[in-house]
Amino acid sequence: MSLVDKKKQIFGKIAAARTLTESMPSFKLNHSLPSINNKGNSITFLTDLIKSLVGYAELVKSTIDTLTHSLDEVEIKIKKAINLELKSIVMCGINPSIPAFVKSTGSGISIEVKKIDFLDMLKTDPTSVGGKLLYDDTAGGLNSSDFNTFLYNVIQDDGNQHVWHNILQFKFESLDPMGVNANSSLTIKAHPSYDSKTLIDLNQDFINSIKLFNTTGVVNKIMDLIYGSVSFSLNKSRKQLEMEGKINAIVDKMIEANANETISNDYFEFSNDEVSIIEQKANERKSGIIKIKTSKEINASVPEKLLSDFNSEMGTAVTVQNKKDVLTKNLNKMAEETTANSNDARDNVSIKLNFIQGILDTLIKGIVNIILSPKIIIIFLINFKIIYGVASEFSDPVDFIKKNKKLFKAIIKELTMILVKYLLAIALKKIAELAAAAEVKKQIDKQKNKVIQLLSLVAIPQEVLRIIKGLG
Amino acid sequence: MSTFNTEKLENQGSEFKNQAKGLKNKANDLKDKAKDFKFDLSTLKGVLNLILSAFSKPDEPVAALPPPLIMLGAKLRPGVSAQSVAARIISRQSEAGKVVGDVFADGPNNEEAMELIRVEEIINTLLTESVVNVVIPPGIAITGVGVGNLGAPVIIQGVTTSMGIGDGIIR
């Protein structure tokens, strides 16, 4: 049986069980189910399924639980995958120790800023309104716990060396006085305490010293990827947005790939149709407005102001419950905002459900986009330059994914598994409730049938039998 | 006269035994692999199989009604009528949110007319084309009366040894 037939069979069974059980919420919403096709994306299917099983409030709750509880597990697994990949790169070299030129006494590795900042993040001030949505711990400056914020401040302090967690030393020079390195380059050396250690130690300690993401950053990124909330206010170029679109298309292909499938070059090439979709999405994000198809087509947006308010409130939330409350309040506000141009109450429910579904569907892309920031690319580029020669570099983020495709496949599969397990648990719980309720109803119906059949054999009038059966 | 080489046969026997054991292990491995693949959560197919399995629950067979009651009660049944079935469906249409009766602006209610046609056709087919096959299993206790050697009546008791077959129609 094809995937689409199996999907339809499941929705058919839900519809049948729902018809039997009157107490369940009726499935009368006029939203579409985008997963009903032959594509192998488990997440979209599960979010469609959950959307049809539970109401809006429950879907919000499930999404908030996912955002609050699963991200720590995700960070641990991604760091483990990155460490493994870096180790395998180092093992390609003859000597796993840190080469003399990278040691604190050496000349250091020179890296152009643009070669680690493909999406122009470091051009935005972390303390600006838009910057606060891109970086973390923005007030920390050179002492920030966020490596990207630290790096931005290193770049602002032209010609001076700064140390990250006693692991690596960074110096930015807008112009190399010796004329050896390219302009706007970083010179990177190991901290003296690493002179006698291996490259594997340095990699591992660096990865463990950085925080990959938090709930706020992930929500900001997801809203930007769907609605262009940050891209619009930062006036990102169409080229930048198309590049992000290509990254997302690759991630989609990897999510749909089987675990045993080899990532071929096809994953990094785009058909005319794919290019057209990427361009259309880039245009929408640039304008900060997307088109939503309901009973009619409407414009929807999540303005940057809503994200800024959400970030400020999250900054003051201490306990997990506080954070959940802030998330619930703000996601509801954003969902409400997306219905601003709709007048149909039934469409509004559908739009809000799709808003929440979009968060779950875009979660993996959001995380991959965050990984493609300077804090991860820099350590890979350092390793590539040490192992394959100082001229080695990544031409763009697609090239970065291509050259580390094993890592991205592993990360995406790991993320998919975590999310699938989480969503499946929610779906199966609801299906079990629905199936149990339908079974009870069926058994009662069978008993009633037996009683009325027996009574019909002793000439009890049809009217009485209908009352017993509960027929109107 | 041919002689049996028992040692050779024994060796062959144990070889076959080992081969069978190996095949059994292989089959078990494949079974496990198939089982794993069926619910492999890294593929959408595995996820779909798992969800479908949540719906599958075998139904218990229905208990038979008392035969004497059916024998007597069947004679009291009024028989089916397309008109009364359609009438009941139409009178309950409002439960499903459908309009009952004619809608002033839209003219006659076509849906109700369609309902009547549908039920008439179904009932007509059941009444005129359907067949009910009945199978009576063997082992039914019987008591019969026969004639003995001197013409005296002889009562016999036993069970049927073959199944009985009958046809019926729906009324």
Side-chain angles (χ1 to χ4, degrees), chain A residues 1-7 9-10 12-14 16-17 28 35 38-46 49 255-261 413-414 416-417 420-421 423-424 427-432 434-436 438-439 442-443 446 449-450 453-462 466 471-472, chain B residues 33-34 36-98 100 115 119 170-171:
Chain A
M1 198 189 285
S2 68
L3 287 178
V4 68
D5 287 339
K6 278 197 174 186
K7 289 174 183 175
Q9 196 182 356
I10 289 171
K13 282 185 182 289
I14 289 172
K28 278 185 179 175
S35 72
N38 248 330
K39 289 185 179 173
N41 189 329
S42 303
I43 312 251
T44 316
F45 172 74
L46 283 170
L49 188 65
I255 292 173
E256 284 169 24
N258 282 333
N260 307 327
E261 203 171 310
K413 281 294 150 206
E414 202 68 70
T416 309
M417 282 299 280
V420 162
K421 277 184 195 165
L423 297 174
L424 200 54
L428 286 177
K429 188 175 166 241
K430 292 291 160 196
I431 287 172
L434 190 62
E439 187 57 31
K442 210 160 90 179
Q443 290 303 329
K446 277 186 181 179
N449 285 345
K450 190 180 176 186
Q453 270 201 309
L454 284 171
L455 292 176
S456 75
L457 292 169
V458 291
I460 300 294
Q462 179 64 223
R466 290 178 69 81
L471 301 175
Chain B
K33 268 184 192 164
D36 286 343
F37 179 69
K38 201 180 173 197
F39 294 135
D40 175 9
L41 298 186
S42 69
T43 65
L44 177 60
K45 199 173 178 184
V47 171
L48 294 175
N49 285 338
L50 183 62
I51 294 170
L52 278 171
S53 72
F55 285 103
S56 58
K57 185 197 165 290
D59 278 339
E60 285 173 25
V62 68
L65 294 175
L69 202 56
I70 298 174
M71 196 173 71
L72 296 169
K75 292 183 173 59
L76 303 172
R77 289 203 162 185
V80 295
S81 149
Q83 306 300 321
S84 53
V85 174
R88 284 177 198 143
I89 291 174
I90 291 167
S91 70
R92 291 183 63 196
Q93 272 194 159
S94 60
E95 289 174 33
K98 291 259 183 184
V100 181
E115 203 63 66
V119 175
I170 296 170
R171 297 291 310 280

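We name chains A, B, ... by the order of the sequence lines, and we start the count at 1 in each one.
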Quick one: do A:Lys6 and B:Leu44 satisfy side chain to side chain contact (heavy atoms under 4.5 Å, CB included)? Show the steps, please. CA-CA 10 Å; A:Lys6 278 197 174 186; B:Leu44 177 60; over 6 Å; no

Start with the C-alpha distance between B:Ile51 and A:Leu424, add both sets of side-chain angles, then the distance that settles side chain to side chain contact (heavy atoms under 4.5 Å, CB included), and finish with yes or no. CA-CA 8 Å; B:Ile51 294 170; A:Leu424 200 54; 3.8 Å; yes

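- Interface residue A:Val420: only side-chain heavy atoms are found under 4.5 Å from chain B.
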Under the side chain to side chain contact (heavy atoms under 4.5 Å, CB included) criterion, do A:Leu471 and B:Arg92 qualify, and how do the steps go? CA-CA 9 Å; A:Leu471 301 175; B:Arg92 291 183 63 196; 3.1 Å; yes

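- B:Val47 pairs in a side chain to side chain contact (heavy atoms under 4.5 Å, CB included) with only one of the listed residues (A:Leu49, A:Leu46, A:Ile43), which is A:Leu46.
- Contact annotation for A:Gln453: both backbone and side-chain heavy atoms come within less than 4.5 Å of a heavy atom of chain B.
- The contact between A:Ala435 and chain B is made entirely by side chain atoms (from C-beta outward), counting heavy-atom distances below 4.5 Å.
- Atom CG of A:Leu457 and atom CG of B:Leu72 lie 9.0 Å apart (nearest 0.5 Å).
- Contacts of A:Asn41 with chain B are made by backbone atoms alone, with heavy-atom separations under 4.5 Å and no side-chain atom involved.
- For A:Lys413, the part lying near chain B is the side chain, with the backbone staying farther off; criterion is any non-hydrogen pair under 4.5 Å.
- A:Leu428 touches chain B through its side chain: at least one heavy atom from C-beta onward sits under 4.5 Å away, while N, CA, C and O do not.
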Please walk me through it: do A:Gln9 and B:Leu52 pass side chain to side chain contact (heavy atoms under 4.5 Å, CB included)? CA-CA 8 Å; A:Gln9 196 182 356; B:Leu52 278 171; 3.7 Å; yes

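- The local environment of NZ in A:Lys446 is crowded, with over 12 non-hydrogen atoms from other residues, nucleotides or ligands closer than 6.0 Å.
- For a residue to count as touching a neighbouring chain, one of its non-hydrogen atoms must lie under 4.5 Å from one of that chain's; by this rule A:Ile431 touches chain B with the side chain only.
- Going from atom CG of B:Leu48 over to atom CD1 of A:Ile10 covers 4.5 Å, rounded to the nearest 0.5 Å.
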